[in-house]
Amino acid sequence: MANSIENNSPIPVSNIDGAELQTVAVRAGHHRTHELEHSEAIFPTSSFVFNSAAEAAARFSGESAGNIYSRFTNPTVQIFEERIAAMEGGERAVATASGMAAILSTCIALLKQGDHVVCSRSVFGTTNVFFEKYMGKFGVETTFVDLIDVDQWREAIGSNTKLLFLETPSNPLCEIADIALLAELAHQHDALLVVDNCFCTPALQRPLLLGADIVVHSATKYLDGQGRCVGGVVVGRKEHMDEVFGFLRSAGPTMSPFNAWVFLKGLETLCLRMKAHSESAQVIANWLSGKDAVESVFYTGLETHPQHALAKKQQSGFGGVLSFRIKGGREEAWKFIDGVQFLSITANLGDTKTTITHPATTTHGRLSDEGKARSGITENLIRISVGLESVDDIKRDLQLGFSASGLE
Ligand SMILES: Cc1ncc(COP(=O)(O)O)c(C=O)c1O
């Protein structure tokens, strides 16, 4: 019987075999302690004790499994890892201190000097800098290509290419990569496809099931969902995750138990939140599309989006992030942003609170002018991460932006 308790032993674990994603998001990975707590316990301890010197030696040598030290073994973090691995359909997950630490750990663990990476040009600005400047410094060269141009990916691959990296949908222009197609291409060349699944989360898209090898997340975004903690995670096959774990153990870009607990609480509502974010974003995208003061709207849920059909095929929803080009330039965009009353002017996304940002001078501000031009990051581009406030209130606030811009 599920959840049976016999003299407190064995400790009950929810039986969720064959459960749907929403159930997995709420329950997977929870191994109760002898206190039989209902909500997952937080273990704010740096180390764990052993019953004897021999037990300590066995743990350190790997002969026996168990906790040692929270840089690499912590029960709260492990619940988060098991849950997100189950949600993404991966064999193992490794939690990290941030989304960038997830990307760093993946690359350091799986690449070596002389290897080559092909990366989408439409990635988070810091990811771009990470590959170009820091991986380059250690002899791993990166070629940047157009996310949606498969020929460019094909042509960029060389005999030393080990990894293809992309975000889909992209930030902030919501372009879509065909994950299955690029996975096939990567595998033809013995390379790995790594997908940053930050925008969709497993609630809307499961890249591993489409053929990708590794998924990385900035848990800071929708996995938390309420803008509280910075964290990240890598998910994939055991052979690769064991390497990532080895790097984490040796280098220490570790998630704290408290943050892991916050992310666990976030995962429990993820499916519901992503549905609500998607519904409101669709309403806002439709509304913006009808505005004379708007040049173009970028949202995969719009039938006019050039990859709407692909988005419909590989995603189960269109997500909460959209962007649009206002008529004019930086001046109009900044006036618009300064004109809103309650939307938060902040670079974060994936929050219950709607956020608004000017990518050209914030998230993508470190790109060169040429880089911005190639990535479509124009001065009149505004990104909105649609939150969970009333959609009518969000519209009313955006209308204040239009008035302030002088365009309406
Ligand atoms: C798509 C994407 N990936 C990775 C990151 C980096 O995550 P973190 O800020 O948690 O390091 C971000 C941050 O905004 C992001 O938007």
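Order of listing sets the numbers, starting from 1, for every ligand and every atom in it. Values in this document were obtained by computation on a predicted structure and should not be read as measured data.
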Pairs involving residues 361-397, ordered by first then second residue, that meet ring pair (Phe, Tyr, Trp, His ring centres under 6.0 Å) (sequence neighbours left out):
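Output for this query is empty, none listed.
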
Show which side-chain atoms of residues 292-300 pair as donor or acceptor with protein atoms under 3.5 Å away, not counting sequence neighbours.
residue, atom, partner, partner atom, Å
Y299, OH, S278, O, 3.4
Y299, OH, G319, O, 2.6

Any salt bridge linking E175 with R121? Criterion: basic side-chain nitrogen under 4.0 Å from a carboxylate oxygen.
no

Any donor-acceptor N or O pair under 3.5 Å, side chains R383, N171
yes

Report the C-alpha distance between E88 and H217 in whole Å, list the side-chain angles of each, state the deciding distance to 0.1 Å, and finish with yes or no for side chain to side chain donor-acceptor pair (under 3.5 Å).
CA-CA 11 Å; E88 287 285 6; H217 274 286; 2.7 Å; yes

List, for ligand 1, each N/O atom that has a protein N/O partner under 3.5 Å away, with both atom names and the distance.
residue, atom, partner, partner atom, Å
ligand 1, 3 (N), D196, OD2, 2.6
ligand 1, 7 (O), S218, OG, 3.0
ligand 1, 10 (O), G99, N, 2.8
ligand 1, 10 (O), S218, OG, 2.8
ligand 1, 10 (O), T220, OG1, 2.6
ligand 1, 11 (O), G99, N, 3.1
ligand 1, 11 (O), M100, N, 2.9
ligand 1, 14 (O), K221, NZ, 2.7

Do any side-chain atoms of residues 369-377 form donor-acceptor pairs under 3.5 angstrom with protein atoms, and if so which ones, sequence neighbours left out?
residue, atom, partner, partner atom, Å
K372, NZ, A360, O, 3.1
S375, OG, G371, O, 2.9

